[in-house]
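Just so it is clear, the values below take in all heavy atoms, side chains as well, and ignore hydrogens, waters and symmetry mates. Sequence positions, counted from 1, serve as the residue numbers for this chain.
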Amino acid sequence: MTLYEKNMQELENKYPVIYDAIKAVGTDDISDIVRIEDARKGGQVVVYHDNGNDAYLNSKYDPENEAFKYMEDTFEMQDGALLIMYGFSNGYYVREHIKHAKNNTRCIVFEPSKAVFLQVLSNIDISELIKSDRVFFIVKDVNTEDFSAIAGEWLDMANKDANKIMVAPKYTDLFRDGYEDFKQNCIDMYEKLHVIANIAEEYGEKEVKNEIHNMKYLAGCRLGTELKGMFPDDMTAIIVSAGPSLQKNVELLREAKGKALIFVVDSAIPKVMEQGIKPDAIISIDCIKGIESFDFDGISEVPFFAHTNSNIEVFNFVNPQNLFFFSSDSAVWSSLFKKLGKDIPAMNMGGSVATAAMANLISWGIKRIILIGQDLSLTDNRVHVGEDAIEINEENNQYKVVKDINGDDVITRKDFYYIQKWMEEAALHHSDIEFIDATEGGALKKNFINMTFREVIDKYCKKEYDVEKIMLSVSRMFEGEERQFIIDALEKMKIDFGNMRRQLLNCKTDCIRLKKLIESGAGNVKELKRINNNIVKTVSMIKNSDESTCIYKWTAEAEFNMLKKDADGRNSEESAIAQCDRNVKYFEELADAMPKLMVIVEECLLKLEL
């Protein structure tokens, strides 16, 4: 087996997108601008021919030692830290990091040159790096879209301050355009993390209240994932969003009724219902969504798709007769569905109600998805259809400039930008589905076909379907004796929260004791070990409990405060004492949360037992 075949075998297993792209061109397409040379002391050197000159991307004498010295600062990165590297070169830089850094550090490598990557595949054994679960490769214009997905998985509030972003030698000079893309990806990654953290702090408690109170709506509910494979392959689905452009073509939905699945997001319900058009399904995932969008006769009969922490006040107002839960990140909910032999996934919803609708349609196996009203830009300075124009300060950090469907610059909000990127990536990774943007305006969505809604209806909305019959064929759940499962789960939550409170208060006392031991210089090894074991046991107990997501959401601010670093210049004793103080506050805040959570559980139990 040649080096190329060995490397390609590992690529096929882990990176099918890169593998397919490389296989399509083969070794015959290896560019003359890149070659591999042997170094004087052993090893290989990548040489890039640029503007008549040879640029050596590695030491011509000893590339391995050069890589060791270059990466030395990364060897002491803290546990769980992430290295983001611009430039793979000959692979030695990443290899040295993986060899010498802590075993749970990880690395995202962004290679801007397909020519360099192809030459390395053909001449250097990088199979171990390819299959390593600590390394993820991004090759520009091949799988660039994977950057945000893997960064979202590997970057979190615990490691954000410990991460490093590095550039391999010569790469900024040779690959400036790729570097600008790389920088923007890094900026987007960190901004998105802060958005998620801010949402968790601001709305965590509300999500938990909804998640617990919504358990009363489990009785008689349906499971969204049960619709997988239920729809004909030739059926078209239309996601109706509330962008300003919806005014242009909303009345055409009347012609699509019965000939496509009309899936309406919550904010667009008023515009659709005002036209006298009854949606086939509606969706709402916002934990604080207002009830005004649902104030229409007959809306309770429409199949309603929701996350488990969707706003309970909306459910109470609408009283949906056909409620479908499609996603949950709660182990409590997951355990309940498993009792019935079912699974409710933690679906990647993309951060908006429209992307949640799109994720559902993809999971059901729908083969043609149409968007209308999905501007993702501030068309005429408006956010939603029917709203007044707003003042836009382009210097405000909340806005970005993107291209519209005509190639012109338009203003968008940053949250819209992330939604746009999610949609583009989803379309790229589901090439078996036809994605059509019939918004007739707004931000350009890569990997989508642009058509007018009139063209869509004339071409695809010809055949009649009984959409309601398909949806309501899904069985109801937690009825009759199964209702007791819900009550039992709530009772267990109440007991668990009580037990956790006692353990957390013990940990608080232990941390106070530990601080005194450190301050006094007492070397009581047995006591130190006992305290450490108790803390580890309690933290592990909470992390592995069914209620963990409830607890972490409710105490998001306490979690983030625990992750803050000490100020520079502290000695090890000062740092240890500061950590004790943080631990005392952390365990106290978690313990204080338990009675509040128990009250919410008791309220839900009372309503179920009435």
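Contact check on Glu64 versus Lys99 returns a salt bridge, with a Lys/Arg side-chain nitrogen under 4.0 Å from an Asp/Glu carboxylate oxygen. A salt bridge links Lys553 with Asp329; the closest basic N to acidic carboxylate O contact falls under 4.0 Å. Salt bridge present: Lys6 and Asp125 bring a charged side-chain N and a carboxylate O closer than 4.0 Å. A salt bridge between Glu226 and Lys342 is present, with a side-chain N of the basic residue lying under 4.0 Å from a carboxylate O of the acidic one.
Using the six-membered ring where Trp is involved, Phe326 and Phe305 have ring planes that are tilted, between 30° and 60° apart. Ring pair Tyr15/Phe136 is perpendicular by interplanar angle, where above 60° counts as perpendicular and below 30° as parallel. Ring planes of Phe88 and Phe137: perpendicular class, angle over 60° (limits at 30 and 60°). In this pair, Trp333 and Phe337 present their aromatic rings parallel. The plane angle is below 30°, not in the 30 to 60° band.
A donor-acceptor pair shorter than 3.5 Å can be found between the side chains of Tyr190 and Asn163. Of the N and O atoms on the side chains of Gln9 and Asn13, not one donor lies less than 3.5 Å from an acceptor on the other residue. Remark: the Asp546 side chain and the Ser335 side chain contain an N/O donor-acceptor pair separated by less than 3.5 Å. Of the N and O atoms on the side chains of Ser148 and Glu425, at least one donor lies less than 3.5 Å from an acceptor on the other residue. A donor and an acceptor atom, one from each side chain of His429 and Asp146, are located under 3.5 Å apart. Side chain to side chain, Asn499 and Gln503 fail the donor-acceptor criterion of an N or O pair below 3.5 Å. For the 3.5 Å distance criterion, the side chains of Glu424 and Gln420 qualify, holding a donor opposite an acceptor. A donor-acceptor contact closer than 3.5 angstrom is absent between the side chains of Tyr61 and Glu66. The closest side-chain donor-acceptor pair between Thr225 and Asp343, if any, does not fall under 3.5 angstrom.
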### Task
Walk me through it: do Ser89 and Asn58 pass the test side chain to side chain donor-acceptor pair (under 3.5 Å)?
CA-CA 8 Å; Ser89 187; Asn58 318 100; 2.8 Å; yes
### Message
Show, in sequence, the C-alpha distance, side-chain angles and deciding distance for Lys69 and Glu72, and conclude whether the salt bridge (charged side-chain N to carboxylate O under 4.0 Å, His left out) test is met.
### Response
CA-CA 5 Å; Lys69 291 180 178 178; Glu72 204 165 0; over 6 Å; no
### Query
Could you go step by step and tell me if Asp62 and Arg40 meet the salt bridge (charged side-chain N to carboxylate O under 4.0 Å, His left out) rule?
CA-CA 7 Å; Asp62 190 351; Arg40 295 177 193 171; over 6 Å; no
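Residue Lys537 qualifies as open at atom NZ: its count of foreign heavy atoms under 6.0 Å is 12 or below. Summarising the local packing, CG of Asp173 is surrounded by more than 12 heavy atoms from other residues, nucleotides or ligands at distances under 6.0 Å. The neighbour count for Lys14 NZ, taken as heavy atoms of other residues, nucleotides or ligands under 6.0 Å away, is above 12. For CD of Glu76, the number of neighbouring non-hydrogen atoms (other residues, nucleotides, ligands) closer than 6.0 Å is 12 at most. Within 6.0 Å of NZ in Lys140 there are more than 12 heavy atoms belonging to other residues, nucleotides or ligands.
In summary, the aromatic rings of Phe68 and Phe75 are positioned with their centroids under 6.0 Å apart. Checked against a 6.0 Å centroid threshold, the rings of Tyr171 and Tyr93 do not count as neighbours.
Annotation: side chain of Lys414 is not in contact with side chain of Tyr399 (no heavy-atom distance under 4.5 Å). Within the 4.5 Å cutoff, the side chain of Val353 has no heavy atoms near those of the Asp286 side chain. For the pair Leu83 and Thr105, the minimum side-chain heavy-atom distance is 4.5 Å or more. When side chains are defined from C-beta on, Ile344 counts as touching Thr308, because their heavy atoms get closer than 4.5 Å. Looking at Tyr70 and Glu96, their side chains never come closer than 4.5 Å, going by heavy atoms from C-beta outward. A heavy-atom distance below 4.5 Å is found between the side chains of Val46 and Val34. Counting only heavy atoms from C-beta outward, the side chains of Cys507 and Tyr586 never approach each other to under 4.5 Å. Using a 4.5 Å heavy-atom cutoff, the side chains of Trp554 and Cys550 are not in contact.
Once rounded to the nearest 0.5 Å, the distance linking CD of Glu12 with NZ of Lys23 reads 6.5 Å. Note: Met493 CE to Glu547 CD = 5.5 Å, rounded to the nearest 0.5 Å. The CD atom of Glu588 sits 11.0 Å away from the CG atom of Leu504 when rounded to the nearest 0.5 Å. Rounding to the nearest 0.5 Å gives a distance of 9.0 Å between CG of Asp510 and CZ of Phe587. Between the OG atom of Ser122 and the CG atom of Leu3 there is a distance of 9.0 Å, given to the nearest 0.5 Å. For the atom pair OG1 (Thr555) and CD (Glu589), the distance works out to 8.0 Å, reported to the nearest 0.5 Å.
A donor-acceptor pair under 3.5 Å is formed between the side chain of Asn7 and the backbone N or O of Ile126. In terms of modelled atom types and a separation under 3.5 Å, the side chain of Asn583 and the main chain of Cys511 share no donor-acceptor contact.
What you find for Tyr552 and Lys543 is that their closest heavy atoms are OH-CA, 3.3 Å. In terms of heavy-atom proximity, Ala162 sits nearest to Met77 at O-CE, 3.9 Å. Heavy atoms only, all atoms of each residue included: Ser113 and Phe175 are closest at CB-CE2, 3.7 Å.
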